[in-house]
Amino acid sequence: MAKNNNRPVIHARHLTRIYRLGDSEVIGINDIGLDIAPGELVVLKGNSGSGKSTLLSLIAGLDRPTHGFLNVADHNLTQATSPDLTYFRRKVVGMVFQSFNLMPTLNVLENACLPGLLAGKSADQVTSKAMGLLDWLGLSTRWNHLPAQLSGGEMQRTAIARALINDPDIILADEPTGNLDSRNGQIVVELFAELNRNWNRTVIIATHSDIADSVASMTICLKDGAITDQTCDI
Amino acid sequence: MKKHLGRALTVLLGIALGAAVFTSVRLSIHAALDSFTRSMDVIAGSADRVMVQPGGRVPEEWVAKLMQFSVVRDVSPVLTAYVRLADKKSEPFLLIGLDPIMDRSFRKWQFSERTEEDVESWIELLKRPYTLIIGKSLAEKYAVYRGDHLFIEHTRQTAFFSIAGILSPGGLAMAEGGMIALTDIATFQELTKLYGLVDRIDIKLDPNTTSEDLDHIRKNLPDNFQLGAPSAAKESGQGLIRAYQLNLSILSFASLFVGMFLVYSLVALNAASRRHELAVLRATGASPHFLFLVFLAEGALFGVMGWLTALPISTILVKYLLKGVSQTISILFAKVQVETLSLSPWEILLSFAITVFTSSVSAVQPAWEAMQVSPNEALEISRHGMTRKTSPRKLVIGGIGCLFLVVPLSLLPGILNMTLPGYFAILFLFVGFSLFAPWSLIQMGHALSPILHRFVGIPAYLAGRYVRDSGTRTAVSVGALITAVALFASLVIMIHSFRSTVELWAHQTVSGDLFVTTKMGEINRFRYPLPRTVVDGLEEFSNQVDIVPSRRYSLTYNNFPYEFQLLDIHVFLRHGDFVWLKGDPDRVRTLLKHGKGVVISEVFSNRTGVAMGDRFRARIESSLVELPVLGIIRDYRTRGGVVFYSLPQFNIRYHDVPWGGCRIFLKDRTKNPEMAVASLKNEFIRRWGDTLEIISGQALRNTILRVFDETFAITIVLLLIALAIAALGIATTLTVLVLERSKQLNTLYAVGADFGQIRSMILWEAAFMVVAGELAGIVCGFVLSYILVYVINRQSFGWTFLYEVDWGALAMSLPLIILTALAAAYPAIKMVFRESPATLLREN
């Protein structure tokens with residue numbers, strides 16, 4: 001699937017996700033329309049329960065919309081099959097989480113290599129790439145440490161290395177500074193900004209804080225599962 | 001528990017199965033033991049002493065002579081024999097011959113009918129020969145009533161009896177589950193042709209009788225008579241049944257032991273998943289001891305609920321076991337007739353206490369971990385990474401310590417005739433190997449992960465890494481599997497070794513083409529000799545066959561029951577042989593033929609302490625036999641030991657004994673021996689079929705092996721239950737591991753793993769656990785099989801056997817265990833992604 005730089009990398013119309021909880025229904029997001037151009041650094045803002053994570057999981061190909069249309073990097077995620085979604089997660093998106101979600105039994109290098117190995121790339125190629133990333137992220141001396149031996153900032157940087165190992169077009173970060181102190185939080189935000197500026201990646205950061213406001217090229221405010229035109233009021 | 005309802009129910013099922021097996025085994029053997037004890041008690045009555053002649057009978061004249069001793073208050077002569085209904089092909093039942101008047105102060109028995117008829121029945125029993133009073137169970141089984149006639153078959157003859165009355169349940173009528181009949185002693189003697197003889201004389205003594213008074217009586221008895229305690233037979237029978245009870249109890253406890261791992265797994269999951277909650281509790285004032293008690297109580301609650309769930313399962317299981325256990329005890333040790341299941345409060349309390357105790361013990365370690373939760377953790381948003389609580393090296397050191405204890409414990413003798421040190425050795429063996437599990441998983445992960453990465457792929461690699469680093473949780477399930485596999489492998493080896501040795505014994509020692517004995521000879525302990533006419537008639541066939549006459553005496557040696565068997569050794573050794581254990585066979589055979597000594601069985605030697613070179617002493621009827629022990633042989637008869645001596649030499653050196661039976665070997669085996677045996681058997685039946693029992697050697701040997709297989713049927717059922725519980729353990733652990741790691745698995749999905757890769761990873765984790773458990777289990781099983789063969793069997797039953805591994809059965813069954821355990825991974829695999837991976841983000 002060839003990329004067309006004139007078209008939005010993320011294009012959503014009437015995007016709706018409704019969860020069933022027993023007999024009742026909970027609206028995650030409701031009738032969202034969205035266009036994000038390639039190379040943007042988007043900050044997705046909203047309170048807890050506003051729908052940020054739901055939107056992010058749909059864009060990441062982790063979940064499917066109940067209604068509406070979603071196209072990400074020329075991948076129609078509304079109609080994608082399970083293998084399509086696997087391919088999409090491997091090639092198109094890299095994810096960073098609030099709780100880092102590193103594999104506790106794997107060391108820093110192995111965690112960074114994991115998506116590459118899952119994608120079937122050769123171990124040598126992936127290891128070499130991962131070492132380069134860890135070097136860039138200031139973790140070259142920590143490559144053989146287990147997550148339990150790292151600080152929060154180091155864990156999040158490892159998670160960023162993992163997100164970049166397959167050269168994805170889009171980086172999705174869900175509250176990436178939520179478990180970090182302000183200094184480490186700022187470092188992580190700077191890294192995302194650098195990725196966006198120098199590596200030309202589209203970055204979407206979901207957060208309820210204003211830590212990333214200064215680097216954002218676009219801000220989307222969510223409230224009760226819908227995009228609001230008003231100023232984000234958190 | 002509510003949080004993990006499915007797992008909790010699985011664990012409950014595991015505990016319930018274990019508790020049900022344990023309770024049912026205990027209750028059924030207790031019922032059999034109780035029935036045996038009651039039967040022996042009511043038959044022994046209230047006698048203080050009993051006068052017998054070892055290997056023979058007591059002349060009736062001693063009834064009057066004993067009464068002349070001032071301390072003798074009452075005496076009662078008694079004769080017993082098993083008989084059966086000739087026309088109804090019934091099971092043998094016990095016929096007791098007694099003097100109804102003299103016996104009244106010894107045994108309680110009354111009629112189920114009205115009092116005035118009692119007197120009438122009494123009079124009938126005394127005044128009319130061939131009248132009977134029968135137990136209610138017997139009457140009901142054959143639908144016979146007062147006044148009916150029974151055609152009763154005894155070894156010596158068959159005769160009509162009329163029923164003078166039916167006994168009401170209680171007292172003597174409870175012997176053998178009511179399957180008894182009483183007759184006047186004179187009628188008994190006439191039926192059995194034991195004129196003027198009785199089996200024993202029961203004696204009641206003055207309460208003030210001193211040991212000097214007893215010595216005085218003994219001095220006035222001929223040397224060949226003994227004045228013994230009436231409980232001797234009961235105690236020896238009880239000893240054998242209790243040894244069987246202990247063995248089966250331990251085996252059934254294995255299911256509970258395996259169940260312990262299940263409880264551990266779930267309580268540990270609860271402790272881990274509620275860690276934050278526990279920290280909050282600690283922060284708000286809960287003491288570490290409170291948290292410890294909470295989790296201990298959780299374990300205990302599993303025990304209580306498991307035990308309650310076990311009750312309905314036990315009621316079904318106990319019916320099957322009661323039948324099987326009673327049959328086994330009747331065949332192996334002593335005849336028991338269990339009519340009803342007596343619920344012993346002690347046994348029920350014991351099973352409850354053991355179930356709750358084992359469940360509580362399983363919760364100790366997770367409860368201890370819960371105690372360690374720091375109040376600071378309440379402030380942490382989440383815990384990152386995995387930390388090992390206990391160093392695998394420390395566990396290995398503990399494991400080595402346990403394994404070191406196995407050898408000295410195995411070498412200790414039994415305590416109070418019970419193989420307790422041996423069982424403790426097994427416990428330490430299981431614990432030792434289980435403590436090795438975390439270390440062995442780490443080593444396996446280290447060694448295999450890179451290889452699997454290269455050749456199998458990333459899922460196997462990740463599984464290896466996870467299992468390597470997962471700590472105690474995975475290791476506990478591996479420990480459960482080690483226990484179950486070790487039990488399986490060891491019992492397969494033990495049963496195979498045992499069976500092979502029994503086959504060899506049956507082939508060599510129970511050799512012969514035809515075995516001839518009196519009718520109901522075995523059940524009456526071969527006490528009636530073959531009629532002279534039969535012996536003469538058999539000798540007419542001496543041109544076709546070699547005859548090995550024998551005589552068997554059931555005796556005791558320091559209260560240990562054994563059989564003194566006289567055999568024409570010379571002829572026997574031409575066709576058969578003993579299975580030699582100690583002594584130079586060539587030398588011993590020669591000496592034995594010349595009557596220079598006896599050979600004793602391993603059981604007799606182990607139980608009495610008589611060793612090779614010692615002198616064997618026994619009173620056989622009127623003779624005192626004192627001979628050196630020339631050798632020790634293997635023998636697997638189940639009612640004690642055996643001592644062999646030459647029959648012709650006995651006749652020369654001591655006194656003439658009539659043949660009790662004989663075995664027959666064809667001289668010419670070249671022309672269709674089966675046909676020749678069949679034709680010989682038919683001829684014998686034609687001539688003496690009404691007085692003899694004739695069985696071909698092949699049929700006898702097949703019967704021995706059938707009994708062997710039936711005996712181990714219960715063992716195999718218990719073993720399969722233990723394996724099923726271990727499979728439940730694997731299923732629970734894997735499910736727990738999946739649940740615990742749902743975030744990790746969702747992360748894997750988010751970073752590019754597909755469903756197949758994740759499922760494959762879980763299957764590989766199961767494979768690692770199963771292979772580690774199976775490999776360690778096999779090694780443990782081999783050690784255990786040595787302990788079973790050379791310690792437990794030796795101490796419990798007095799025998800050992802030739803160690804032989806059934807490689808075929810192991811090779812067939814171990815892959816099956818692997819497949820079963822891998823199948824146990826299915827629920828865990830199904831559990832993956834039951835919730836959408838998107839929860840990963842929502843949880844954030």
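In what follows, every chain begins at residue 1, and chains take the letters A, B, ... in the order their sequences are listed. Both backbone and side-chain heavy atoms feed into the values below; hydrogens, waters and symmetry mates do not.
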Take atom CD of A/Gln79 as the centre, draw a 6.0 Å sphere, and report whether it contains more than 12 heavy atoms from other residues, nucleotides or ligands.
-> no
Region of A/Leu106 that comes under 4.5 Å of a non-hydrogen atom in chain B | both
Taking atom CG of B/Leu462 and atom CG of A/Leu117, what is their separation to the nearest 0.5 Å?
-> 8.0 Å
Test item: A/Met103 and B/Thr747 side chains (from C-beta on) under 4.5 Å apart, heavy atoms | yes
Heavy atoms of B/Ala750 and A/Phe97 approach each other most closely as CB-CZ, 3.8 Å
Identify the heavy atoms of A/Glu110 and B/Tyr461 that sit nearest to each other, and give their distance.
-> OE2-OH, 2.7 Å
Quick one: do A/Arg89 and B/Asp754 satisfy salt bridge (Lys or Arg N to Asp or Glu O under 4.0 Å)? Show the steps, please.
-> CA-CA 10 Å; A/Arg89 288 192 309 275; B/Asp754 60 31; over 6 Å; no
Contact class of A/Ser48 relative to chain B, heavy atoms under 4.5 angstrom | neither
Value for CG (B/Asn746) from OG (A/Ser57), rounded to nearest 0.5 Å, stands at 11.0 Å
What closest approach, in Å, do A/Arg162 and B/Val751 show between heavy atoms, and which atom pair accounts for it?
-> NE-CG1, 3.7 Å
One option among A/Pro115, A/Gly49, A/Gly120, A/Ala123 has the most heavy-atom pairs under 4.5 Å with chain B, and it is A/Pro115
Name the atoms and distances for all side-chain donor-acceptor pairs under 3.5 Å in residues 761-775 of chain B, with sequence neighbours left out.
unit_1, atom_1, unit_2, atom_2, d
B/Glu765, OE1, B/Arg741, NH2, 2.6
B/Glu765, OE2, B/Arg741, NH1, 2.8
B/Glu765, OE2, B/Arg741, NH2, 3.1

Would you check if A/Thr105 and B/Val467 make a side-chain contact, meaning some heavy-atom pair closer than 4.5 Å?
-> no
Determine whether B/Gln744 and A/Asn101 make a side-chain contact, defined as any pair of heavy atoms from C-beta on separated by less than 4.5 Å.
-> no
Applying ring pair (Phe, Tyr, Trp, His ring centres under 6.0 Å), name anything that partners A/Trp199, two or more places apart in sequence or on another chain.
-> A/Trp136
Are there more than 12 heavy atoms of other residues, nucleotides or ligands under 6.0 Å from atom CG of A/Asp84?
-> yes
